[in-house]
Asks: 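I'd like to ask you about the structure that follows.
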Protein chains: 2
Amino acid sequence: MSKPIQRHSRQRQVILEELRMQTTHPTATELHQLAKQRLPNLSLGTVYRNLELLTRTGLIRRLDTRGGEARYDGDCTHHFHVRCLRCGRVNDAHGLSAAPVKEQVQTLDGYRILGYRLEFEGICPTCQKRPTRQR
Amino acid sequence: MSKPIQRHSRQRQVILEELRMQTTHPTATELHQLAKQRLPNLSLGTVYRNLELLTRTGLIRRLDTRGGEARYDGDCTHHFHVRCLRCGRVNDAHGLSAAPVKEQVQTLDGYRILGYRLEFEGICPTCQKRPTRQR
DNA sequence: CTAATTGCAAATGATTTGCAAAATT
DNA sequence: AATTTTGCAAATCATTTGCAATTAG
């Protein structure tokens, strides 16, 4: 189960270029529309496959935590979360203060700021013990 | 178009109680399984409807930014984002740092911390001008 | 009584996947 | 030649919605 060698494809190149041209943080569909102007028979599936690949490679960033179901918390007191990147499990992160962060944000580009989300990412104790299989 | 009066329902009560009992940040399906033990013909649809309602009311928190499509960013330099809660648009938030917060996090419950997500939420300039329709 | 809420099932929306053909190395 | 990557379509997964029946106030 070795990782496949990555080849160079025109569609991947174009998708990356188009994304880099945008400042709007486009969705897969929007990107598909854009890239299609240069590669008329580019399929949406290919866009998805490449966005996933480019994200894994670290060439681009996916803003939204996708995949799987949404999680809910019944505890509304002020606290943050740590999410395991491998198994998806979420734990509470108590005793942290983001006061310094909050202070920096009064107005942002004319936005009226209502709140913020801060979430840590890492590998949970259980997954650290498991054999590291790269996916 | 006035907001509907909220009534009290047994299923909502049970869903809320079960969520509050958990420390695992369960998903809708997990919660459905749990609550079903007390209300055998509780439907998953009702769970979704109530999670949505409870989140709007502020009684619970939804951890994941759901709805719509994922957004991507071709700019991998260190920066954060502001998301408009009304139209979903995302802008960059430069010149901010969560370093002070990160410093507090060396180990968290045994997690190996690899990074964090910080995202601000608010109303964008365009939406501020639009008439405020509550949904 | 009136309107909110439910269960059920079907619909939707986003993303993923199987497969044979095309492209890369 | 060997494998990755593609386009297409069908499949999957999470969530939403329409509707008639039930329930709360």
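Atoms considered below: every heavy atom in the structure, side chains included; atoms not considered: hydrogens, waters and symmetry mates. Reminder, nothing fancy here: chain letters follow the sequence lines and each chain counts from 1.
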Asks: How many Å lie between CG on Asn50(B) and P on dA24(D), as a whole number?
Replies: 13 Å
Asks: If you apply the rule side chain to side chain contact (heavy atoms under 4.5 Å, CB included), what do you find for Gln37(A) with Glu18(A), and how did you get there?
Replies: CA-CA 10 Å; Gln37(A) 294 172 19; Glu18(A) 288 298 326; over 6 Å; no
Asks: Base, sugar-phosphate, or nothing: which does Arg49(A) touch, judged by heavy atoms less than 4.0 Å apart?
Replies: base
Asks: Under 4.0 Å, counting only non-hydrogen atoms across every strand here, what does Glu52(A) touch: a base, just sugar-phosphate, or nothing?
Replies: nothing
Asks: Classify the angle between the aromatic ring planes of Tyr116(B) and Phe80(B) as parallel (below 30°), tilted (30 to 60°) or perpendicular (above 60°).
Replies: tilted
Asks: Nearest heavy atom decides the nucleotide; on that basis, is His8(B) or Gly45(B) closer to the 5' end of DNA chain D?
Replies: Gly45(B)
Asks: With respect to Asn50(B), which candidate in Arg12(B), Gln11(B), Gln13(B) satisfies the side-chain hydrogen bond (donor to acceptor under 3.5 Å, both in side chains) definition?
Replies: Arg12(B)
Asks: Return whichever of Ile5(B) or Asn41(B) has its heavy-atom-nearest nucleotide of DNA chain C closer to the 5' end.
Replies: Ile5(B)
Asks: Closer to the 5' end of DNA chain C via nearest nucleotide, is it Tyr72(B) or Ser43(B)?
Replies: Ser43(B)
Asks: Starting from P on dT16(D), measure out to CD on Glu69(A) and report it in whole angstrom.
Replies: 12 Å
Asks: Tell me the interatomic distance from Leu16(A), atom CG, to dT5(D), atom P, rounded to whole angstroms.
Replies: 15 Å
Asks: Can you tell whether the side chains of Asp64(B) and Arg117(A) come within less than 4.0 Å, N to carboxylate O?
Replies: no
Asks: Where does the angle between the aromatic ring planes of His81(B) and His25(A) fall among parallel (under 30°), tilted (30 to 60°) and perpendicular (over 60°)?
Replies: perpendicular
Asks: To the nearest angstrom, how far is Gln6(A) atom CD from dT6(D) atom P?
Replies: 10 Å
Asks: So Arg61(B) and His79(A), side chain to side chain contact (heavy atoms under 4.5 Å, CB included) or not? Walk me through it.
Replies: CA-CA 11 Å; Arg61(B) 275 178 66 192; His79(A) 68 283; 4.3 Å; yes
Asks: So for atom CD1, which belongs to Ile5(A), do other residues, nucleotides or ligands contribute more than 12 heavy atoms lying within a distance under 6.0 Å?
Replies: no
Asks: In whole angstrom, what separates Leu51(A)'s CG from dT5(D)'s P?
Replies: 14 Å
Asks: With a strict under 4.0 Å distance from non-hydrogen atoms of chain A, what nucleotide opens and what nucleotide closes the contacted stretch of DNA chain C, reading 5' to 3'?
Replies: dA14(C) to dT25(C)
Asks: Rounded to the Å, how far apart are Leu44(B) CG and dC13(D) P?
Replies: 14 Å
Asks: Rounding to a whole Å, what distance do you find between Arg12(A):CZ and dT4(D):P?
Replies: 12 Å
Asks: Taking only the side-chain nitrogens and oxygens of Ser9(A), find out if one of them lies under 4.0 Å from OP1 or OP2 of dT6(D).
Replies: yes
Asks: Without decimals, in angstroms, what is the distance between Leu53(A) CG and dT3(D) C1'?
Replies: 15 Å
